[in-house]
Number of protein chains: 2
Amino acid sequence: MNNKGYVSPETSERIQNIINDLNYKPLHSARKLATRKTGNIGYIIWESHFSEVEMFYSQIFLGMEYAARESDYYILLTTVKDDFDPKTDLPRFLKYNDVDGVVLAGRVPHSLVEYLDKQRMPFVLVDYGIPGKIYNSVLIDNYNGAFSAVESLIQSGRKRIAFVGGTFSHPSIKERFRGYKEGLESYNLISDGHLKKYTYLEDAETSREIGEKGVSILLTEKLLPDAIFCCNDTTALGALTEIQRKKLKIPQDIAVVGFDDIPTAAFNLPKLSTVRVPKLLLGKEAFKLLNDVIDNPRLPAQTRLISTEFIKRESS
Amino acid sequence: MNNKGYVSPETSERIQNIINDLNYKPLHSARKLATRKTGNIGYIIWESHFSEVEMFYSQIFLGMEYAARESDYYILLTTVKDDFDPKTDLPRFLKYNDVDGVVLAGRVPHSLVEYLDKQRMPFVLVDYGIPGKIYNSVLIDNYNGAFSAVESLIQSGRKRIAFVGGTFSHPSIKERFRGYKEGLESYNLISDGHLKKYTYLEDAETSREIGEKGVSILLTEKLLPDAIFCCNDTTALGALTEIQRKKLKIPQDIAVVGFDDIPTAAFNLPKLSTVRVPKLLLGKEAFKLLNDVIDNPRLPAQTRLISTEFIKRESS
DNA sequence: AAAATATATTAAAACGTTTCGATATAATAT
DNA sequence: ATATTATATCGAAACGTTTTAATATATTTT
């Protein structure tokens, strides 16, 4: 049954038939007791990330769940509070040692990551990294995604491409800015003072509000930007709203491009051009990497980069 | 430790201290093996419901997860395909008997419900019901929610209130329509032919498209409706889009009201008036009811009704 | 022909709890 | 004084697997 030792195909089949006839299912709890594994994997996200409008992290979860179906693992989803303290707020499955490993998605309390590291609990970060630390992680190729988005804008004739974004404490956003900047540079579209004029950065969690505020400030420039690259779709949606409020035409007056390809992007009016992040794949890769780490805990930390795809819709 | 037998407070405390000193945590798998319980609860939704734009069913899950934290249960979330067949597509945790009970949220394959019923697996339906069958369920008070929404529209002077909705095979939508209709009736605002003229029903899963289509058809009437009550927020968002596309003013020309209060509703432009469904509470109640059912499987099936609250924002 | 390898069978210990029964004593009620 | 109830302690069986070792035979390789 467990594919161990010497078993001839004939015997194996004979046994399988008996298993089927009896409808025998091994009892998980007994098996776990004997193997001293839990058979569970934890999935942790910030509470606000899960409660939010977007389904981004839910989709990553779903990708993991799909992958888990081919395995014996169950996935336990939980959220941690914004003011997380490992002493008191540890998820139950960590407190009671009910998982063999953990996936952490998006921005996540550093104290939690350190706790896991200290406990030698296998874990993988998805779409997040902690500056100065190297952990097992699955990341989006933000740099090239942003680069290609900007490139597309340039190829459709845009000259003054602005950037609107949230906090750089999330490395994804920082990388997207870098892709934006170097994209412009490689086409020589970045004059002195460009970034000063056409960049709106706010040190806060990304939101519609940042998009709205960013646009309203950018639109005070003498020479209006003719395109805005936003650090993600949520921000871009806010940007669209504000541009429409100011009675400018999209994409004629200003083109807008987002990042992520959240479901709303395709349903918005106008439909949002964006950089598609394959969220299910992110989840799947995280699951696979975590399995590798669980099987081989002393492997040096590795990072797997997931590439993106530019989706041109109505807003650009 | 398990609060059984005679234990004096003194002894109990003494033991607790030792437990703390040793940082002893009972091993779940051993405990489960001995008790023949799994300690898990399954949460099942349609795949399309989870992948969708809205976080409706994710919020219900979160409500359950919060409630579960006070218990020893873990919740296993999984989705089932649209063309579900119990023979081949049974969720793993059912196939391998790894749950003590199941919560099913939203529209769900009848064959699955029948399977659970036949297996005598404790289960609870949330926001769904199967006509002619009585199962344990936690439902939204759709009737009164719709009634109060319509009432609010009437009180702000609307006379020709239309309804746009999706398939009645989801009882919630049917009930919302009933609340709408009886709301109008009780204010004598429903003339001959009113429903014929001012009702758009499409026998399909609710979507933005239904909202858009519904509005574009309603706007062909000689006497335009001055308000539209949509069967849910998603539909209402579509309706808003189409109304704006037709250059009508919201709420001046037409007021729009949705149902559910999904997060997007508050961020849309204009902000959507809607009937708030306490999604976390739905999840919590489902969890509590399921626990009751697990503890006492032969209790007659009961339904718990969760009431709603009308939220007036910009669109009405 | 001998050695190595592949296949097969069986028994026993171990995993860490719960449950049950036996035994005992102290405190309280009758 | 006796019976009942509350408290405390202990040992053993049971839950259903995995793991290991021991033993054996058949098949293949040297």
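Remember, it's a predicted structure, so these values are computed and weren't measured experimentally. Naming convention: chains lettered A, B, ... in sequence-line order (proteins, then strands); numbering from 1 in each chain.
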- Do Glu65(B) and Thr78(A) meet the criterion of a side-chain donor-acceptor pair at a distance under 3.5 Å? yes
- Message: Whole angstroms only, please: what is the NZ-C1' distance between Lys32(A) and dA14(C)?
- Response: 19 Å
- Rounded to whole angstrom units, what separation is found between the CD1 atom of Ile15(A) and the P atom of dT10(C)? 11 Å
- Between Lys4(B) and dT19(C), is there a side-chain N or O to OP1/OP2 distance below 4.0 Å? yes
- Toward the 5' end of DNA chain D, which comes first, Ala34(B) or Arg14(B), by nearest nucleotide? Arg14(B)
- Task: For the side chain of Leu33(A), starting at C-beta, report the closest nucleotide among dT9(D), dT17(D), dG16(D).
- Result: dG16(D)
- Message: Expressed as a whole number of angstroms, how long is the span from Lys25(A):NZ to dG16(D):P?
- Response: 16 Å
- Task: Inspect the contact between Glu47(A) and Lys81(A) and indicate whether a charged nitrogen and a carboxylate oxygen are less than 4.0 angstrom apart.
- Result: no
- Flag the pair Asp292(B) and Arg304(B) as a salt bridge only when some basic side-chain nitrogen lies within less than 4.0 angstrom of an acidic carboxylate oxygen. yes
- Rounded distance in Å - CD (Glu10(A)) to P (dT27(D)): 11 Å
- Message: Rounded to whole Å, please give me the gap between CD1 in Ile18(B) and P in dT9(D).
- Response: 10 Å
- Query: Mapping Ser29(A) and Thr11(B) to their closest nucleotides on DNA chain D, which lands nearer the 5' end?
  - Reply: Thr11(B)
- Message: Please determine whether a side-chain nitrogen or oxygen atom of Thr35(B) lies at a distance below 4.0 Å from atom OP1 or OP2 of dT19(C).
- Response: no
- Is the phosphate of dA8(C), meaning OP1 or OP2, less than 4.0 Å from a side-chain N or O of Ser8(A)? yes
- Determine: side-chain N/O of Arg31(B) to OP1/OP2 of dT18(C), distance under 4.0 Å, yes or no. yes
- Task: Among dT18(D), dG16(D), dT9(D), find the nucleotide with the atom closest to the side chain of Asn2(A).
- Result: dT18(D)
- Item | Main-chain N/O of Lys37(B) paired to Asp100(B) side chain as donor or acceptor, under 3.5 Å | no
- Query: Closest approach of Lys95(A) and Lys25(B), non-hydrogen atoms and distance?
  - Reply: O-CE, 3.1 Å
- Item | Touch class at under 4.0 angstrom, heavy-atom based, for Lys37(A) against every strand present | nothing
- Message: Please report the distance, rounded to the nearest Å, between CG in Leu27(A) and C1' in dT17(C).
- Response: 14 Å
